[in-house]
Amino acid sequence: MGRELALINSYLCSTNKQVMTAFKTNTDQFIKQRMMTYLKEQGYNFYQSSTLLKLTQAEREEMSRYWAE
């Protein structure tokens, strides 16, 4: 699990960059969806996953559509 958290941490650090393009935005969304799926498979609930990934309220609302407990 330490490796996965390191990957999430490196992703979160990389998202602090100021450059945003349409490609980067779509890529970010895809990565966040995949990470949410992975965390769900690892037993995390929606709140834990969204907090760990530091999702915004808008992102939480979007991701909750795909989350079935």
Side-chain angles (χ1 to χ4, degrees):
M1 188 59 166
R3 183 176 145 256
E4 291 82 8
L5 290 177
L7 287 172
I8 291 169
N9 188 41
S10 67
Y11 167 75
L12 291 173
C13 290
S14 70
T15 59
N16 290 331
K17 297 178 182 172
Q18 296 298 317
V19 178
M20 280 298 265
T21 64
F23 176 76
K24 182 173 174 44
T25 302
N26 291 337
T27 302
D28 285 350
Q29 186 67 18
F30 174 77
I31 291 170
K32 287 178 183 179
Q33 287 174 342
R34 294 297 299 145
M35 290 180 136
M36 287 291 284
T37 300
Y38 175 78
L39 291 170
K40 182 178 180 182
E41 291 169 354
Q42 296 300 311
Y44 287 85
N45 65 32
F46 182 81
Y47 176 78
Q48 291 168 324
S49 300
S50 60
T51 301
L52 189 61
L53 294 175
K54 299 180 182 177
L55 299 180
T56 64
Q57 184 60 38
E59 290 172 328
R60 287 175 191 235
E61 290 169 5
E62 176 68 23
M63 298 286 182
S64 70
R65 297 186 327 169
Y66 306 107
W67 192 282
E69 296 273 347

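Predicted, not measured: the structure shown is a model, and the values here were computed from it.
Scored by the side chain to side chain donor-acceptor pair (under 3.5 Å) test, E62 finds R65, Y66 as partners (sequence neighbours excluded). By the side chain to side chain donor-acceptor pair (under 3.5 Å) test, R34 is found to be paired with no residue, residues two or more places apart in sequence or in another chain being considered. For S49, there are no side chain to side chain donor-acceptor pair (under 3.5 Å) partners at least two apart in sequence or on another chain. Scanning for side chain to side chain donor-acceptor pair (under 3.5 Å) contacts around E41 gives an empty result, with sequence neighbours left out. Residues forming a side-chain contact (heavy atoms from CB on, under 4.5 Å) with E61 (at least two apart in sequence, or on another chain): Q57.
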Take M36 and L53 through the test side-chain contact (heavy atoms from CB on, under 4.5 Å) and record every step on the way to the result.
CA-CA 8 Å; M36 287 291 284; L53 294 175; 3.6 Å; yes
When you look at M63 and Q29, which way does the side-chain contact (heavy atoms from CB on, under 4.5 Å) test go after all the steps?
CA-CA 10 Å; M63 298 286 182; Q29 186 67 18; 3.7 Å; yes
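K32 NZ to T56 OG1: the interatomic distance, rounded to the nearest 0.5 Å, is 6.5 Å. Note that CG of L55 is 6.5 Å distant from CZ of F46, once rounded to the nearest 0.5 Å.
Between K40 and W67, the closest heavy-atom pair is CB-CH2, 3.3 Å.
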